[in-house]
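Remarks on the structure that follows.
Start at 1 and go down the list; that is how both ligands and their atoms are numbered. Predicted, not measured: the structure shown is a model, and the values here were computed from it.
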Amino acid sequence: MLKLKNITKSFDGKTILNNLNLEVKDNSILSIVGPSGAGKTTLLRCIAGLEKVDSGTFTLNDKPFDPADESRKERVIGVVFQDFNLFPHLSVMENIALAPEMVLKQDKKTAQKNVTELLAQLGLTSLKDQYPFELSGGQKQRVAIARALAMQPKILCYDEPTSALDPSLRDTVAQVILDLKKTGITQIVITHDPDFAKKIADQLLEVKPLNN
Ligand SMILES: Nc1ncnc2c1ncn2[C@@H]1O[C@H](COP(=O)(O)OP(=O)(O)O)[C@@H](O)[C@H]1O
Ligand SMILES: [Mg+2]
């Protein structure tokens, strides 16, 4: 279980998150909903350790946890960014295998074997030698998900996974997330789409812009 206690974050004197408390149970799906500017991405970046919080604590299974600590051996949080952030000059296989090789120090053969399994799981096998510019939005997103999963995170976060895609793909994305739940991973999904949230979420957190 991931717990956030009294998390506060401001930018330039403007408070974005004010004493936020949150519990995310293992193997559950939390949806964070709220209007643009409410601080959803900021919260996700704090959970992923990409922003440092001003105050408050994180615990993972009741032990103190610093998301920004890069010296941990195990990857706790993975992120699928809103615009996917794939490396344009690398193939699908290379995009996914890069971090396991560089960070987890997997040898090329092990990394490629793991990537091959992930590609199959996400229905991407036939695309392994393609480059990002050759892929549709939905395919790019699945590559971004595979790339995050290759680091074996305990918790996978998505920033607005439906926003960059054709609305007809919404159900497909929901199905990918629900299928991943069966593998035991915990997921945190930011969305401004209440129907999408209802479809996937075990728990909802509503964030509102603060007046300051
Ligand atoms: N790096 C930053 N520096 C200054 N202000 C920021 C930064 N990141 C976000 N903000 C501000 O924080 C507020 C919340 O932004 P954000 O977390 O992106 O909201 P949401 O994802 O809900 O739309 C906005 O007012 C935004 O301008
Ligand atoms: Mg955002």
Side-chain angles (χ1 to χ4, degrees), residues 2-24 28-58 60 65-70 76-87 132 136-138 140-149 151 153 155-174 176-177 180 185-212:
L2 174 72
K3 282 189 199 166
L4 279 65
K5 215 169 162 203
N6 295 329
I7 295 295
T8 296
K9 172 77 187 169
S10 14
F11 287 116
D12 314 319
K14 188 175 167 224
T15 306
I16 310 296
L17 306 173
N18 187 21
N19 281 318
L20 185 128
N21 293 292
L22 174 63
E23 293 188 3
V24 193
S28 69
I29 299 175
L30 165 73
S31 258
I32 302 174
V33 292
S36 181
K40 303 183 297 297
T41 297
T42 301
L43 173 58
L44 182 132
R45 290 177 57 82
C46 290
I47 292 173
L50 300 167
E51 291 292 348
K52 257 186 125 33
V53 298
D54 300 334
S55 59
T57 54
F58 293 85
L60 188 68
F65 163 61
D66 176 3
D69 177 5
E70 288 185 6
V76 177
I77 314 284
V79 183
V80 179
F81 293 100
Q82 193 165 8
D83 49 7
F84 318 132
N85 287 1
L86 298 179
F87 305 114
S136 71
K140 275 189 232 181
Q141 182 175 61
R142 292 210 301 284
V143 175
I145 294 171
R147 187 174 62 172
L149 288 173
M151 294 299 284
I155 302 173
L156 184 56
C157 304
Y158 306 74
D159 195 352
E160 307 259 10
T162 58
S163 68
L165 301 180
D166 190 284
S168 65
L169 286 172
R170 197 174 70 161
D171 290 350
T172 314
V173 182
V176 169
I177 292 172
L180 280 175
I185 196 166
T186 304
Q187 297 176 94
I188 300 177
V189 186
I190 289 181
T191 180
H192 60 250
D193 178 343
D195 292 335
F196 182 75
K198 272 192 212 114
K199 196 168 246 163
I200 57 166
D202 300 304
Q203 184 192 349
L204 278 180
L205 172 74
E206 221 179 310
V207 287
K208 295 192 176 100
L210 299 170
N211 297 316
N212 61 47

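For Q82 and S163, the side-chain atoms include at least one donor-acceptor pair closer than 3.5 Å.
Below 3.5 Å of separation, one finds no N or O of E51 facing any N or O of ligand 1. Inclusion of A38 in the set of residues having an N or O under 3.5 Å from an N or O of ligand 1 is warranted. Checking only distances, K40 does come within under 3.5 Å of ligand 1, N or O to N or O.
Here is the list of ligand 1 atoms found below 4.0 Å of a heavy atom in S36: 23 (O). Residue K14 approaches ligand 1 through these ligand atoms, each under 4.0 Å from one of its heavy atoms: 25 (O). Atom numbering of ligand 1 starts at 1 in the shown order; those under 4.0 Å from a heavy atom of P35 are 22 (O).
Residue, atom and distance of the protein heavy atom nearest to atom 9 (C) of ligand 1 are F11 CE1, 3.5 Å. The protein heavy-atom contact nearest to atom 24 (C) of ligand 1 is G37 O, 4.3 Å. For atom 13 (C) of ligand 1, the closest non-hydrogen atom of the protein is I16 CD1, 3.5 Å. Nearest protein neighbour of atom 16 (P) of ligand 1, counting heavy atoms only, is T42 OG1, 3.7 Å. When only non-hydrogen protein atoms are considered, atom 18 (O) of ligand 1 lies nearest to T41 CB, 3.7 Å. Regarding atom 19 (O) of ligand 1, its nearest protein heavy-atom neighbour is G39 N, 3.1 Å.
The closest donor-acceptor contact from the side chain of D54 to the backbone of S10 lies under 3.5 Å. Put simply, the side chain of D159 never gets that close to the backbone of F81: no donor and acceptor are under 3.5 Å apart. When atom types are taken as modelled, the side chain of E51 and the backbone of T42 share no donor-acceptor pair closer than 3.5 angstrom. Of the possible donor and acceptor atoms, none in the side chain of Q203 sits under 3.5 Å from a partner among the backbone N and O of S28. The backbone N or O of V33 lies less than 3.5 Å from no partner atom in the side chain of K40, so there is not a single donor-acceptor pair.
A 4.5 Å side-chain heavy-atom check between T191 and Y158 finds every atom pair outside the cut-off. When side chains are defined from C-beta on, L43 counts as touching L4, because their heavy atoms get closer than 4.5 Å. By the 4.5 Å heavy-atom criterion applied to side chains, L204 and S31 are counted as neighbours.
Annotation: the span from L20 atom CG to K9 atom NZ amounts to 14.0 Å, rounded to 0.5 Å.
For atom 26 (C) of ligand 1, no protein non-hydrogen atom is found at a distance below 4.0 Å.
Using a non-hydrogen distance threshold of 4.0 Å, R45 does not register as a contact of ligand 1.
Residue T42: no N/O/S atom is found under 2.8 Å from the Mg ion (ligand 2).
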